[in-house]
Amino acid sequence: MVDPKLIREAPQLIEKSINNKNVDPVIVEKWLKADKKRSLSIVALGELRYERNQLTEKFKKNKPTSKQAKDAKNLREKIQKLEKKLKELENEWNELLLLIPNPSKNDVPVGKDDKANVELKREGTPPKFDFEPKNYLELGRMHDLIDIESASKMSGPRFGILKNDAALLELALVNYAISFLVKKGFKPVIPPTLIKKEMEKGLGYADQGGWKDMYVLDEDNLVLVATAEHSLVSMNSGRVFENKELPERFVGYSSCFRRESGSYGKDTGGIFRVHQFDKVEMVSFCKPEDSEKEHEFLISLEEELMMSLGLHYRLMILSTGDSSAPSAKTVDTETWMPSENKFRETHSCSNCTDFQSRRLNIKFKNKNNSLEYVHVLNGTAFAIGRMIIMILENFQQKDGRIKIPQPLISWMGKEYIESFTRK
RNA sequence: GGAAGGGUGGCCGAGUGGUCAAAGGCGACGGUUUGCUAAACCGUUGUUCAGCAAUGAACGCACGGGUUCGAAUCCCGUCCCUUCCGCCA
């Protein structure tokens, strides 16, 4: 959530920034009204409680007469009534506050949607083929790597099965990314992928109708996470980091579940956009003054991984309108996809500042030993399905074999994907 | 699943209905002293609300209810932790 003090101090600024995120700024005005009501109610309740405290102070020495006790009882009822009222007001106050998205940082381009995203840089060059390159589904069929038909039979549309060398390639990518990040000081985590609904709410994606994008198990009060970020952040809810523990970095490997409710007709038929995929994800907790540097650090790791594979990619800074509610700044990596002759999103790295830590109560002890909210960041190491697509398409050979990128060879135990035969 | 014991401030820890304004200690911050560091001493050190401020008030003992004129303390529910037993890949 946004710091209430900031909204009181500069409501026009917040209104502007949430308007940039395509959210109706009228909630700011609504919240300010609720805030006023709340504070009036707190004052009134304080007065009544003061009255009661004065009374009971007297009763310490002399037991109350029955009339005095009756009056005090009346006072108690008045207090209880007002407490109930205040509780309602606070709920409303809080619900409105939760609807206000994290304002974007100043260097984020203002715009309505992804058309306003800005390219920051580009690395590498697209591969040149002296033959007619195939798309990943054709290559997958050739080597029996991806089975959409069986997945569709057993689970429905937008599912895929990774088989044979694709399954091994997943494990190679996972092992490579995790061992790389562990060397950089990340703590490896295999988290639960079912988390409590209130945790999911705390992450800040569910407001503005986000529940419809998730698989919600109402009977159990659980949600299937859309990314390990949700697990890794909520795992640390309520935590107080020691000053010297920061930055604390985690790398998680998990399945990710998405209903893709708003993407009918987009990327159908393959594994580019599926309801379930696996991902290696970075999450970082740091001091507020370090978060911009930390964001750059996470992006640099994404780049290092991509460069080491030899993939052609570009970095895009997302416009205000294309950024998620918790994010103050998001930089996506888009990787060159030969069959579409364009860049497609494979990574996303966000600085969520104190938006999530306020909601999930994640703090640290600053140098004065008092508690302050940490900044929370997340970034993709590898979204496996999409990486497999990119590797297949970019490193295909004339004879149909797929050349495995150098860093993955030892994990794969082979240099080429060719037709899989049981030994 | 069964049994027992626990959850108090940044941390440790006392407290079984009003004397709690939550003792005492540690840590941190500010000050005095000091050639420097340390020590010693004094002060500050939870949240919210009103106020320009001095300040005042309320809240705060895992969370949510309840009893009472009055609850950290009594009662009910929930969560979590520890130990022991049982079951299990």
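Chain letters run A, B, ... following the sequence lines, proteins first and then strands; every chain starts at 1. Bear in mind that the values here come from a model prediction, so they are computed numbers and not experimental data.
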Candidate nucleotides B:A50, B:U48, B:G64, ranked by approach to the side chain of A:Lys87 - the nearest: B:G64
Sugar-phosphate only, base, or nothing, as touched by A:Asn53 at under 4.0 Å among non-hydrogen atoms: sugar-phosphate
Sugar-phosphate, base or nothing in reach of A:Leu55, heavy atoms under 4.0 Å: nothing
For B:G51, the Watson-Crick or wobble partner whose two distances fall under 3.5 Å: none
Assigned partner base of B:C69, Watson-Crick or wobble definition, under 3.5 Å: B:G18
Whichever of A:Lys73 and A:Leu371 has its nearest RNA chain B nucleotide further upstream toward 5': A:Leu371
Euclidean distance, atom CG of residue A:Asn91 to atom C1' of B:G64 [Å, nearest integer]: 13 Å
Least distance between heavy atoms, A:His375 atom then A:Ser291 atom: ND1-OG, 2.9 Å
Expected output: side-chain A:Gln356 to main-chain A:Leu203 donor-acceptor under 3.5 Å: yes
Least distance between heavy atoms, A:Thr380 atom then A:Glu302 atom: O-OE2, 2.9 Å
Sugar-phosphate, base or nothing in reach of A:Arg52, heavy atoms under 4.0 Å: sugar-phosphate
Euclidean distance, atom NZ of residue A:Lys244 to atom C1' of B:A28 [Å, nearest integer]: 13 Å
Pairing nucleotide - B:C88, Watson-Crick or G-U, each distance under 3.5 Å: none
Salt bridge A:Lys187-A:Glu248, side-chain N to carboxylate O under 4.0 Å: yes
Closest to side chain of A:Val43, choosing from B:C69, B:G10, B:A50: B:A50
Opposite nucleotide pairing with B:U78, Watson-Crick or G-U, both atom distances under 3.5 Å: B:A62
Between B:G27 (P) and A:Glu242 (CD): distance, integer Å: 15 Å
Pair partner, B:U34 [Watson-Crick or wobble, under 3.5 Å]: none
A:Glu294 and A:Arg249 ion-paired at < 4.0 Å: yes
Opposite nucleotide pairing with B:A3, Watson-Crick or G-U, both atom distances under 3.5 Å: B:U83
Pair partner, B:U45 [Watson-Crick or wobble, under 3.5 Å]: B:G27
Sugar-phosphate only, base, or nothing, as touched by A:Arg8 at under 4.0 Å among non-hydrogen atoms: sugar-phosphate
Under 3.5 Å on both distances, the Watson-Crick or G-U partner of B:A39: none
Gap between atoms CG and P, on A:Leu89 and B:U48 respectively (whole Å): 18 Å
Minimum-distance nucleotide to A:Tyr50 side chain [options: B:A58, B:G70, B:G64]: B:A58
Sugar-phosphate, base or nothing in reach of A:Phe59, heavy atoms under 4.0 Å: base
Selected nucleotide, minimal atom distance to A:Arg38 side chain, candidates B:G18, B:U48, B:G10: B:U48
Toward the 5' end of RNA chain B, by each residue's nearest nucleotide, A:Leu40 or A:Gln54: A:Leu40
Minimum-distance pair of heavy atoms, taken over all atoms of A:Val2 and A:Arg358: C-CD, 4.3 Å
